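Data first, discussion second: the structure below is written as structure tokens.
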Amino acid sequence: MKTAEIMANLAAKHPGENEYLQAVQEVLESIEEVYNQHPEFEKAKIVERMVEPDRIFTFRVTWVDDKGEVQTNLGYRIQFNSAIGPYKGGLRFHKAVVPSMLKFLGFEQTFKNALTTLPMGGAKGGSDFDPVGKSNDEIMRFCQAFMTELWQCIGPDQDIPAGDVGVGGREIGFLYGMYKKLAREYNTGVLTGKGATWGGSILRPEATGFGALYFTQHLLHKAGKDIAGKRVALSGFGNVAWGAATKAKQLGAKVVAISGPDGVCEIPDGITDEMIAYMLDMRASNRNKVEDMATKFPEKAKFTAGKKAWSVPCDIALPCAFQNELSEDDAKELQKNGCWCCCEVSNMGCQPGAIHYFQNNGILFAPGKAVNAGGVATSGLEMTQNASHISWSAKEVDDKLHFIMESIHEQCVKYGTQPDGHVDYVKGANIAGFMKVATAMLEQGII
Ligand code: 2IT
């Protein structure tokens with residue numbers, strides 16, 4: 001495979017789209033050796049086709065804010081790859097959303113979805129709409145305006161969006177309400193992450209965080225360790241961090257840090273159930289300030305402005321916020337402070353320098369597309385429940401999520417075990433996901 005040539009080509013076609021190029025580069029580096037053992041992939045130009053999205057929809061979203069002022073945002077849906085199933089992936093509402101970000105997320109989603117064992121292709125979408133400081137009514141009006149364009153691109157058998165950063169159960173509710181009105185179609189399977197009373201799967205809100213902790217447990221057991229009693233530092237305080245904190249505590253770990261764009265809250269005695277519940281209020285407030293935790297629980301949490309979660313001594317680091325949130329310097333600081341394991345829960349949360357540092361310094365590391373796949377996997381389970389007009393119990397969903405995370409871990413071990421016996425989880429996840437998508441593309445001909 002001519003990695004340099006493919007990358008140069010991609011950079012010329014997508015100038016300045018650094019996050020997208022970073023995500024592709026990481027996968028190509030991992031799969032090069034395997035790819036070269038399959039001349040049929042080269043002949044069908046699998047990689048050249050796989051790195052480009054199938055199609056991109058871009059649209060204007062105009063809405064009126066609480067002051068009566070007209071606001072215009074950009075909306076996108078990127079349908080990346082449908083080799084193994086209908087397009088599937090979240091919607092991100094964040095002020096920094098640009099096509100590069102959604103292309104990287106759609107590309108990652110394709111491989112992640114392949115790892116889940118379920119038949120789902122890859123997609124991503126969203127808007128540069130900034131939810132920070134917005135009222136509930138403004139969120140609703142924006143979601144409705146967004147859906148007046150998006151509805152034509154999606155469908156329960158074509159493309160099934162869900163949440164991501166800035167999009168949770170509330171937003172999915174507003175989006176579904178408008179979809180129904182426009183499409184006159186009452187199939188709840190068009191979106192996942194819905195409310196529990198109208199087609200949502202039990203445990204979907206928790207699933208990304210729960211799945212991440214199940215994966216972390218498997219990784220630790222393989223290394224002869226256990227999570228009980230360990231100190232966990234996690235970044236963010238949104239839906240994913242909330243699920244991760246809940247399960248980490250249930251498994252006997254001590255969550256000693258959460259963070260936000262404003263700084264870090266250190267929690268020396270470990271997070272309590274009350275504090276975990278308060279994370280939900282913090283998200284719903286749209287203030288985007290982790291300091292609120294220390295204001296509410298001054299005896300338990302100490303806020304430091306401008307610092308990251310990675311400055312707090314811990315055993316296990318769980319990035320749960322945003323891409324590239326953990327740099328090589330952060331990786332060094334973590335190790336200096338006693339950290340020996342990092343499971344990436346956010347999509348591409350670690351910069352390449354941080355990943356290389358972890359891997360070269362004996363720190364256990366697993367990438368987001370394996371660790372966080374429990375979220376989209378449970379979306380897949382929600383689709384199955386919707387299609388068969390039933391809802392499963394919490395136990396049934398949790399058992400399936402457990403099975404899926406175990407299977408993802410096994411795939412990483414199968415494809416990532418190195419000659420010296422250690423597991424390269426980055427290689428393992430990328431090769432396992434690639435082989436599945438590439439084989440499907442090959443079997444479906446040149447399209
Ligand atoms: O990054 C992700 O996997 C998600 N935001 C969840 C996507 C989904 O379709 O549930």
Side-chain angles (χ1 to χ4, degrees), residues 19 23 76-82 84-94 97 101-127 150 153-156 158-169 171-172 175-176 188-194 199-212 215 236 238-244 283 319-323 325 344-349 367-386 397 400-401 404-405 408 429 433:
E19 289 152 334
Y76 307 92
R77 185 69 180 167
I78 301 192
Q79 297 180 336
F80 217 102
N81 189 296
S82 63
I84 65 168
Y87 301 104
K88 180 84 194 92
L91 297 170
R92 178 172 290 194
F93 293 169
H94 189 280
V97 162
M101 196 192 291
L102 300 179
K103 283 181 205 167
F104 115 66
L105 288 163
F107 182 74
E108 292 261 310
Q109 197 80 44
T110 302
F111 297 95
K112 180 198 318 196
N113 292 3
L115 291 173
T116 63
T117 74
L118 304 174
M120 300 183 288
K124 208 83 191 189
S127 173
L150 183 70
C153 317
I154 61 175
Q158 284 90 44
D159 183 350
I160 305 94
D164 193 82
V165 175
V167 179
E171 290 75 11
I172 293 294
L175 290 164
Y176 180 68
T188 53
V190 68
L191 291 167
T192 60
K194 298 180 291 295
S201 176
I202 291 182
L203 284 189
R204 175 63 189 90
E206 294 86 344
T208 310
F210 279 23
F215 188 95
N239 172 262
V240 173
W242 164 75
R283 176 183 187 282
C320 294
F322 217 57
Q323 69 268 12
E325 57 173 307
E344 190 183 58
V345 193
S346 42
N347 292 309
M348 208 166 79
K369 57 172 84 71
V371 178
N372 74 29
V376 71
T378 307
S379 277
L381 301 178
E382 185 169 321
M383 288 162 65
T384 306
Q385 293 169 78
N386 295 157
V397 178
K400 287 187 164 64
L401 176 60
I404 288 169
M405 298 317 296
I408 295 172

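Worth saying up front: this structure is predicted, and the values here are computed from it rather than measured. When a ligand or atom number is given, it counts from 1 through the structure's own listing order.
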- Message: List the residues meeting ring pair (Phe, Tyr, Trp, His ring centres under 6.0 Å) with Phe104, not counting sequence neighbours, and say none if there are none.
- Response: none
List the atom of [X], the atom of [Y], and the distance in Å for their closest heavy-atom pair.
X: Tyr87; Y: Ala123; result: CB-CB, 3.7 Å
X: Phe107; Y: Phe80; result: N-CD1, 3.5 Å
X: Leu150; Y: Pro161; result: CD2-CG, 4.3 Å
X: Ala162; Y: Val167; result: O-CG1, 4.3 Å

- For atom 7 (C) of ligand 1, what is the nearest protein heavy atom, given as residue, atom name and distance? Gly90 N, 3.5 Å
- re atom 5 (N) of ligand 1, the protein heavy-atom contact at minimum distance is Asp164 OD1, 2.8 Å
- Intermediate values then yes/no, side chain to side chain contact (heavy atoms under 4.5 Å, CB included), Arg283 and Trp242: CA-CA 10 Å; Arg283 176 183 187 282; Trp242 164 75; over 6 Å; no
- Query: Is there a donor in the side chain of Asn347 and an acceptor in the side chain of Glu108, or the other way round, less than 3.5 Å apart?
  - Reply: no
- Message: Does any N or O of ligand 1 fall below 3.5 Å from an N or O anywhere on Gln109, backbone included?
- Response: yes
- Ala162 to ligand 1: N or O pair under 3.5 Å? no
Any idea which atoms of ligand 1 are less than 4.0 Å away from a heavy-atom of [X]?
X: Lys88; value: 8 (C), 9 (O)
X: Lys124; value: 1 (O), 2 (C), 4 (C), 5 (N)
X: Ser379; value: 8 (C), 9 (O), 10 (O)

- Message: With the threshold set at under 4.0 angstrom, would you say Gly163 reaches ligand 1 through any of its heavy atoms?
- Response: yes
- Item | Asn347, portion touching ligand 1 at heavy-atom distance under 4.0 Å | side chain
- To atom 6 (C) of ligand 1, the nearest of Arg204, Met120, Lys112, Glu108 on a heavy-atom basis is Arg204
